[in-house]
Amino acid sequence: QVQLVESGGGSVQAGGSLRLSCSVSEYTRRGRCMAWIRQLPGSGREGVARLYSGGGNVEYADSVKGRFTISHDKSENTLYLLMNSLKPEDTATYYCAADSGAYAYCRGDPESSAYIYDYWGQGTQVTVSS
């Protein structure tokens, strides 16, 4: 069972920055789709950013393009999300997610494909005040 452990959430004022980290317990040489998904209060989960760790396109939700950066450190098998210019509407619980590695790419629409992920972290809260 692959385990994902997130850290780095917190409270920040609008315009500030936070970096989320997600440590992944199992490395797969082939690669897997890895993503940050958020759940806003009273809403479903939406994809924020994702990448295929074996190489390929990085995809972002329109609402975070130019402000958030997703990256993967292979040596540490850790996924990051750098969030700049944070807005109150970014307030949410952020989850790290990964698929099984059975596919050589990230499937589906980047913003609405939470169903493709097999493993999830426990979530970390991000609160942005105005």
Participant: Is it the case that the side chain of N77 and the backbone of V24 share a donor-acceptor pair, with hydrogens and angles ignored and the cut-off at 3.5 Å?
Facilitator: yes
Participant: Roughly how far apart are Q13 CD and L86 CG, rounded to 0.5 Å?
Facilitator: 11.5 Å
Participant: Checking the side chain of E6 only, and the main-chain atoms of C96 only, is there a donor and an acceptor separated by less than 3.5 Å?
Facilitator: yes
Participant: Looking only at non-hydrogen atoms, find the nearest pair between Y117 and A35 and report the distance.
Facilitator: OH-CB, 3.2 Å
Participant: Would you give the length of the straight line joining atom OH of Y80 to atom OG of S21, rounded to the nearest 0.5 angstrom?
Facilitator: 5.0 Å
Participant: Shortest non-hydrogen contact from A49 to Y60?
Facilitator: CB-CD2, 3.5 Å
Participant: Taking 4.0 angstrom as the limit, do D118 and R32 come out as a salt bridge?
Facilitator: no
Participant: Sort out for me which residue in R50, R45, E59, E46 forms a side chain to side chain contact (heavy atoms under 4.5 Å, CB included) with S113.
Facilitator: R50
Participant: Would you name the heavy atoms of Q125 and T127 that are closest together and state the gap between them?
Facilitator: NE2-OG1, 3.4 Å
Participant: Contact between E89 and V128 at the side-chain level, heavy atoms closer than 4.5 Å - yes or no?
Facilitator: no
Participant: So F68 and Y94, would you call those rings parallel, tilted or perpendicular, with 30° and 60° as cut-offs?
Facilitator: tilted
Participant: Tell me the closest heavy-atom pair linking G47 and A61, and the distance in Å.
Facilitator: O-CB, 3.4 Å
Participant: Side-chain contact test, heavy atoms from C-beta onward, threshold under 4.5 Å: evaluate it for R38 versus D90 and give yes or no.
Facilitator: yes
Participant: When rounded to the nearest 0.5 angstrom, what distance separates CG in L81 from CZ in R19?
Facilitator: 10.5 Å
Participant: Can you measure from CG (D73) to OG (S23) and round to the nearest 0.5 angstrom?
Facilitator: 10.5 Å
Participant: For the hydrophobic clusters of this structure (ILVMFWY residues joined by side-chain heavy atoms under 4.5 Å, transitively), does one cluster hold both V48 and Y52?
Facilitator: no
Participant: Under 3.5 Å, side chain of S53 to main-chain N/O of G31, donor-acceptor pair present?
Facilitator: no
Participant: Report whether I116 and Y105 are members of the same hydrophobic cluster (ILVMFWY, side-chain heavy atoms less than 4.5 Å apart, transitive linking).
Facilitator: no
Participant: Can you give me the closest heavy-atom contact between G108 and Y115, atom names plus distance?
Facilitator: CA-OH, 4.1 Å
Participant: May I ask whether V2 and M34 are part of the same hydrophobic cluster, defined by side-chain heavy atoms of I, L, V, M, F, W, Y residues being less than 4.5 angstrom apart, directly or through others?
Facilitator: yes
Participant: Would you check if L4 and Y95 make a side-chain contact, meaning some heavy-atom pair closer than 4.5 Å?
Facilitator: no
Participant: Does L82 share a hydrophobic cluster with L51, counting links as ILVMFWY side-chain heavy atoms below 4.5 Å and allowing steps through other members?
Facilitator: no
Participant: Taking I37 as the starting point, is it possible to reach I70 by hopping between hydrophobic residues whose side chains are less than 4.5 Å apart?
Facilitator: no
Participant: Provide the closest heavy-atom pair for S17 versus N84 in the form atom of the first, atom of the second, distance.
Facilitator: OG-OD1, 2.8 Å
Participant: In Å and rounded to the nearest 0.5 Å, what is the CD to OG distance from E111 to S63?
Facilitator: 6.0 Å
Participant: Looking at D62 and K65, is any side-chain nitrogen of the basic one under 4.0 Å from a carboxylate oxygen of the acidic one?
Facilitator: yes
